Asker: 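Once you've had a glance at the structure underneath, I'll fire off some questions.
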Amino acid sequence: RRLAGRKSPARATATSSAMSEARAGIGRDGRAAPLVGPDVAFDVEAPSARQAAPRPSAMLFVAMFVCSMSPILFGFSLVFTSPAQRTMTFDDYAVVPDHLAVFTRREFSGYASSLNVGAVAGAFVGAAVNDMIGRRKALALTTAPHMISWLVHYYAESPISLVLARTLNGFAVGMGSSITSCYIGEIATPELRGPLGATNQLSLAIGVLFVNAAGSHVTVVEQGEHRWCQWRRLALLGVVISCVLLTILAMPESPKWLAQRGDDTGAKAALLRLRAGECSEEQAALSAVSSSCGASPKSPKDTTLLSYTPSLMIGVGLLVFQQLSGANAIMMYAQGICKSAGVQDEGAAAVAVMLLQVVVTGFACIIMDRFSRRSLLGFAVILLCFAHLGLSAYYHWAGDLPSWLALASLALYIVGFSVAVGPIPWLIMPEIFPTHVLGRANSLGVAMLWLSSFIVTLTFDSLENALGGDGLFLGFAIICLVGFLGIMAYVPETRGRTAEEVVAELHGGARTPAIAPC
């Protein structure tokens, strides 16, 4: 009887193994068994049964290429005024034909800043459209105002028509910039999330380079010794880029957005187009989310942005800091800095600066996942701080310091901005918000970015007159130092981590998963 009451060692081992398997969610056949939490079911596999990391398909890169037309249009629209300014204002060139010179200098300032006004409105509209009809269709919708705006630029004669067209252009840019990073973050594989996320800033830099190069060397009209940009022809290139962006309708929708809507079949079909080989783990996660979305009602607590205040402060703060770090001031002083170093061709100087930005941003795409996001961002901000200090010293002791100091400071700023301060704020947004609020968070961040850009542009001349070049750049150095301290204190590390892990860390573990239940 005593022996009958005992368990044999083999039986005890089997019982212990069964209990361990039950706790780990592993069935007797060695396959994963679902673990059901309060919100959503997850499939947890034994370490030996884990699938290989999902591989990207060719369609993923095609979708990325088409999607990149949106930030290219962003850069193209933003800097369109750079090659066109001297031709559009009849104060500069008396020989420019009347159909090209339409503004006084004061009127041109209002025309240039109207892009920011439209972009703020577009960012908020983009939030509703993004969540309502999906990332792909929302991006396609931005092509209509882009095309209308550029066609008006080609045909319109009156200054008011051109101001309205640029405002509409800004509306499209604001919508697109609030949608693009959502789409990129949700279709990328975990291993490519960093490099593909950084292509948003790379595409913007390519757009800036393209419009400067085309406006300075391609759409150019010569008359005797005079040479100017034919900006109406330049505007037609914006129509061409918009047509390429419209092909986004042939690309897969974001699987995470489809799962969030409860469309399990559509989410899996889209995922299969974006992945090559095995992706059962991602499919299981999408199925769990779509099932949870179909079974549970939306919780007001989980769907308001204010429920994610720490993420909101970090994401929006980084985008605003991107504008307050002095990017506009550097671009406005770039030609003067190059001229002081003996570079006489202003167009060539602008193209050289933008080319450096493209090269360094391309390098950032390669190294983005090899370094900590937080450390890379902090290091880049320190480079910006030193660049501003160098320019402040150069303007304070004008004539006493060598011109190479200004050129070196300019190059140092472009390196720091292109490596991290430019791309990482766009990259980090999908990594610190769950899918069901990401569209609204992105839109708010983009709106604040454009609002801060508008304020900096509006107050730049007044600050320059009051502080001088040395005081202005010293102020930007102080802002960068404060930004560095804030980054080190509050920005979490997101490289190699899932969005749900980051969200849980920021919000005390209260909110999982990243694709939150409806």
Side-chain angles (χ1 to χ4, degrees), residues 53-76 126 130 134-143 146 172-173 175-210 240-258 267 269-277 279 282 357-370 373 418 422-431 435 438-439 442 446 494-495 499:
R55 293 183 292 113
S57 68
M59 177 57 73
L60 173 62
F61 295 104
V62 175
M64 279 297 307
F65 171 76
V66 176
C67 176
S68 70
M69 294 300 112
S70 180
I72 285 177
L73 279 169
F74 183 164
F76 184 92
N130 197 11
R135 319 313 193 199
R136 182 188 58 171
K137 291 179 182 177
L139 277 174
L141 190 62
T142 65
T143 61
H146 270 304
V173 166
M175 278 187 66
S177 52
S178 68
I179 298 165
T180 303
S181 59
C182 290
Y183 185 68
I184 293 173
E186 291 174 356
I187 67 172
T189 61
E191 289 72 21
L192 291 178
R193 194 175 64 196
L196 292 185
T199 59
N200 190 11
Q201 183 68 23
L202 174 62
S203 301
L204 194 157
I206 290 173
V208 170
L209 172 64
F210 177 67
V240 174
I241 301 172
S242 302
C243 290
V244 179
L245 178 59
L246 188 58
T247 62
I248 193 73
L249 289 173
M251 301 299 113
E253 180 55 270
S254 159
K256 290 185 177 181
W257 180 82
L258 291 169
L271 184 67
L272 289 174
R273 294 181 67 191
L274 295 165
R275 302 288 184 266
C279 57
E282 287 185 286
Q357 187 175 2
V358 169
V359 171
V360 177
T361 308
F363 177 70
C365 293
I366 298 172
I367 68 168
M368 189 58 67
D369 268 354
R370 299 186 183 183
R373 305 251 202 277
S418 302
I424 286 182
W426 297 107
L427 168 62
I428 209 172
M429 288 292 282
E431 297 179 329
T435 302
L438 177 58
N442 250 355
V446 169
T494 61
R495 182 177 70 100

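These figures come from a predicted structure and were not determined experimentally.
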Asker: Ile187 and Ala63: which non-hydrogen atoms are nearest, and at how many Å?
Answerer: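 So the minimum-distance heavy-atom pair works out to CD1-CB, 4.2 Å.
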Asker: Is Ser418 reaching over with its side chain to a backbone N or O of Val360, donor-acceptor style, under 3.5 angstrom?
Answerer: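 Checking the backbone N and O of Val360 against the side chain of Ser418, no donor-acceptor pair under 3.5 Å is found.
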Asker: Can you name the nearest heavy-atom pair linking Val66 to Thr247, along with the distance?
Answerer: CG1-OG1, 3.4 Å
Asker: Do Leu204 and Ile72 have side chains that get closer than 4.5 Å, going by heavy atoms?
Answerer: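 No, every pair of side-chain atoms sits at 4.5 Å or beyond.
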Asker: Can you give me the closest heavy-atom contact between Pro195 and Asp369, atom names plus distance?
Answerer: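 Smallest heavy-atom distance, with atoms named: CD-OD2, 3.4 Å.
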Asker: Grab the two heavy atoms, one from Ser242 and one from Leu73, that are nearest each other, plus how far apart they are.
Answerer: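 Looking at all heavy atoms of both residues, the closest pair is OG-CD1, 3.8 Å.
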Asker: Can you check whether Leu202's main-chain N or O pairs, donor with acceptor, with Thr199's side chain at less than 3.5 Å?
Answerer: no
Asker: Would you say the side chain of Arg193 lies within less than 4.5 Å of the side chain of Glu431, judging by non-hydrogen atoms?
Answerer: yes
Asker: Do the side chains of Val173 and His146 get nearer than 4.5 Å, heavy atoms only?
Answerer: yes
Asker: Measuring from Leu272:CG to Met59:CE, what's the distance to the nearest 0.5 Å?
Answerer: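 With rounding to 0.5 Å, CG (Leu272) is 12.5 Å from CE (Met59).
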Asker: Donor-acceptor pairs under 3.5 angstrom involving side-chain atoms of residues 134-141: please list them, not counting sequence neighbours.
Answerer:
residue	atom	partner	partner atom	Å
Arg135	NE	Glu186	OE1	3.0
Arg135	NH1	Asn130	O	3.4
Arg135	NH1	Asn130	OD1	3.2
Arg135	NH1	Asp131	OD1	3.2
Arg135	NH2	Glu186	OE2	2.8
Arg136	NH1	Leu249	O	3.4
Arg136	NH1	Met251	O	2.9

Asker: Is it the case that more than 12 heavy atoms not belonging to Phe61 sit under 6.0 Å from its CZ atom?
Answerer: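 For Phe61, atom CZ is crowded (more than 12 foreign heavy atoms under 6.0 Å).
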Asker: Give me the atom names and distance for the closest heavy-atom approach of Ala276 to Pro56.
Answerer: CB-O, 3.7 Å
Asker: Using the side-chain contact (heavy atoms from CB on, under 4.5 Å) criterion, which residues pair with Ala270? Sequence neighbours excluded.
Answerer: Pro252, Pro255, Leu258
Asker: Are any of the side-chain heavy atoms of Met368 and Pro423 separated by less than 4.5 Å?
Answerer: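 The answer is yes; the side chains approach within 4.5 Å.
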Asker: Heavy atoms only: give me the nearest Ser68-Ser203 pair and the separation to one decimal.
Answerer: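 Closest heavy-atom pair between Ser68 and Ser203: CB-OG, 3.2 Å.
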Asker: If we check side-chain hydrogen bond (donor to acceptor under 3.5 Å, both in side chains) with Ser70, which of these qualifies: Thr180, Thr143, Thr142, Asn200?
Answerer: Thr180
Asker: Between CG of Leu438 and SG of Cys182, what distance do you get to the nearest 0.5 Å?
Answerer: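 Answer for the CG-SG pair, Leu438 versus Cys182, is 3.5 Å.
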Asker: Residues in side-chain contact (heavy atoms from CB on, under 4.5 Å) with Arg275, at least two apart?
Answerer: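 Expected list: Pro54, Leu60, Thr189, Leu271, Cys279, Glu282.
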Asker: Any side-chain heavy atom of Trp426 sitting closer than 4.5 Å to one from Ile184?
Answerer: no
